[in-house]
There are 2 protein chains.
Amino acid sequence: MDVQKQKKLEAAGWKIGNAEDFLELNQVESSFIALKIALSQHLKTRRQSLRLTQKEFAGMIHSSQSRVAKMEAGDPGVSLDLLVKSLLTLKTSQEDIEKMLP
Amino acid sequence: MDVQKQKKLEAAGWKIGNAEDFLELNQVESSFIALKIALSQHLKTRRQSLRLTQKEFAGMIHSSQSRVAKMEAGDPGVSLDLLVKSLLTLKTSQEDIEKMLP
DNA sequence: CTCCAGAATATCAAATACGAAATAAACGAA
DNA sequence: TTCGTTTATTTCGTATTTGATATTCTGGAG
């Protein structure tokens, strides 16, 4: 990356080529994880309030019980996509989800 | 699935074993797509307002220009995870900028 | 205690998303 | 027009996520 672009980025608030960008990454990463955990807890609460077993809910989203368990456990190997689709299936309004997203 | 569980699901608002569940799926799917498109447009607008090229922004999220283009185009092959991490990267930096301002 | 439904955990191959690279297209400035 | 920059599109090998299955753990009822 050339000097021109470095200055452009720095003007926008970024330091590059040193420790700052990975601190920045960690911050993004931790916010992201926090978001997923919030969604997974919301999911578990909602499923339980509907008196559904993990197996039953898995059938609704065409997935498996084990995957539902991982979702609710905040397993890092579960995508946001699956979490959000699950919440949408539970008739969580799109507006509610958007509020939780950045 | 036995009758007990069918009634349980129906009580929760679902019809099963017929066309309704895939209509439900389509509804979830379309809401999901709408959400991704909304996020991708937000991302594009935000990047442009920061006067960053796709290539520069790709470097910030350790991705590639082509993937940024796909993100902004609402390509179905782009995950929510990547979209949200991208938005977090921009927003976090926005906060940093605001801190630096008088 | 035993039994059993519900939930957690481990493993696997198939599907999908990934970054990278190359190329084409779009657009403006010289 | 030509040239340089930005964005869109395609391809490819790799990495991650997936549903499914099996197994284990947990807790409550009998």
Side-chain angles (χ1 to χ4, degrees), chain A residues 1-9 12 21-22 25 28-29 32-33 35-37 39-41 43-89, chain B residues 1-9 12 21-22 25 28-29 32-33 35-37 39-41 43-89:
Chain A
M1 188 177 292
D2 64 38
V3 180
Q4 288 280 74
K5 302 194 172 176
Q6 282 200 18
K7 291 194 173 176
K8 205 177 195 179
L9 285 174
D21 64 330
F22 98 37
L25 249 198
V28 167
E29 191 61 26
F32 184 73
I33 291 173
L35 170 63
K36 293 220 300 190
I37 290 177
L39 293 178
S40 71
Q41 288 174 344
L43 176 65
K44 181 167 191 172
T45 299
R46 182 109 177 87
R47 176 185 61 82
Q48 288 176 333
S49 75
L50 291 174
R51 311 279 176 193
L52 294 169
T53 67
Q54 290 182 344
K55 191 177 178 184
E56 288 166 343
F57 176 60
M60 293 169 56
I61 60 174
H62 304 281
S63 183
S64 61
Q65 179 267 323
S66 62
R67 194 133 283 271
V68 171
K70 283 183 180 174
M71 270 197 271
E72 293 182 352
D75 188 306
V78 174
S79 70
L80 243 195
D81 298 63
L82 187 59
L83 272 173
V84 168
K85 282 182 185 173
S86 297
L87 288 167
L88 285 174
T89 300
Chain B
M1 188 178 289
D2 63 38
V3 180
Q4 288 281 75
K5 301 194 173 177
Q6 280 200 19
K7 290 193 173 177
K8 205 180 202 176
L9 286 174
D21 63 331
F22 97 40
L25 248 199
V28 166
E29 192 62 25
F32 183 73
I33 291 173
L35 171 62
K36 292 220 299 190
I37 289 177
L39 293 178
S40 71
Q41 289 174 343
L43 175 66
K44 181 168 190 173
T45 299
R46 181 104 181 87
R47 176 185 63 80
Q48 289 176 333
S49 74
L50 291 173
R51 310 277 176 196
L52 294 169
T53 66
Q54 290 182 344
K55 190 178 179 184
E56 288 166 343
F57 177 59
M60 294 170 55
I61 59 173
H62 304 280
S63 183
S64 62
Q65 180 268 325
S66 62
R67 193 135 283 271
V68 172
K70 284 179 183 175
M71 270 197 271
E72 294 182 351
D75 187 305
V78 174
S79 69
L80 245 192
D81 298 63
L82 186 59
L83 231 30
V84 167
K85 281 181 184 173
S86 296
L87 287 168
L88 284 174
T89 299

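Just so it is clear, the values below take in all heavy atoms, side chains as well, and ignore hydrogens, waters and symmetry mates. Reminder, nothing fancy here: chain letters follow the sequence lines and each chain counts from 1. The structure presented is a predicted model; accordingly, all values stated were derived computationally and were not measured.
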Can a side chain N or O of [X] be found less than 4.0 Å away from OP1 or OP2 on [N]?
X: B:K44; N: D:dA8; result: yes
X: A:S79; N: D:dT18; result: yes
X: A:R47; N: C:dA7; result: yes

Is there a donor-acceptor pair closer than 3.5 Å between any side-chain N or O of [X] and the backbone N or O of [Y]?
X: A:D81; Y: B:L80; answer: yes
X: B:Q48; Y: B:T45; answer: no
X: A:K36; Y: A:L83; answer: no

Without decimals, in angstroms, what is the distance between [X] [atom1] and [N] [atom2]?
X: B:D75; N: D:dA8; atom1: CG; atom2: P; answer: 12 Å
X: B:L80; N: D:dT17; atom1: CG; atom2: P; answer: 14 Å
X: A:K70; N: C:dT9; atom1: NZ; atom2: C1'; answer: 7 Å
X: B:M71; N: D:dA8; atom1: CE; atom2: P; answer: 12 Å
X: A:K85; N: D:dT18; atom1: NZ; atom2: C1'; answer: 11 Å
X: B:K55; N: D:dT5; atom1: NZ; atom2: C1'; answer: 10 Å
X: A:E72; N: C:dA7; atom1: CD; atom2: P; answer: 7 Å
X: B:M60; N: C:dG19; atom1: CE; atom2: P; answer: 15 Å

Nearest 0.5 Å, please: how far is OG1 in A:T89 from CD in B:E29? 9.5 Å
Could you grab the distance from atom OG of A:S66 to atom NZ of A:K55, nearest 0.5 Å is fine? 12.0 Å
Output a table of nitrogen or oxygen pairs between the protein and nucleotides 25-30 of chain D separated by less than 3.5 Å.
none

Go through D:dG19, C:dA8, D:dT10 for me and flag the one nearest to the A:L82 side chain. D:dG19
Choose from D:dA8, C:dA8, D:dT6 the nucleotide whose nearest atom is closest to any side-chain atom of B:Q54. D:dA8
Do A:K85 and A:I61 come within less than 4.5 Å of each other through their side chains, counting heavy atoms only? no
State, yes or no, whether a side-chain contact exists between A:L82 and A:R67 at a heavy-atom distance under 4.5 Å. yes
Looking for any heavy atom pair under 4.0 Å, which part of the strands does A:V68 touch: base, sugar-phosphate only, or nothing? nothing
Please tell me whether B:E72 and B:Q54 have a donor and an acceptor in their side chains that are separated by less than 3.5 angstrom. yes
For a side-chain contact (heavy atoms from CB on, under 4.5 Å) check, start with the C-alpha distance between B:S63 and B:F57, then their side-chain angles and the critical distance, and finish with the verdict. CA-CA 8 Å; B:S63 183; B:F57 177 59; over 6 Å; no
I'd like a table of atom pairs between the protein and nucleotides 21-25 of chain C - only N or O on both sides, under 3.5 Å - with the distance next to each one.
residue : atom : partner : partner atom : Å
C:dA21  : N6   : B:S66   : OG           : 2.9

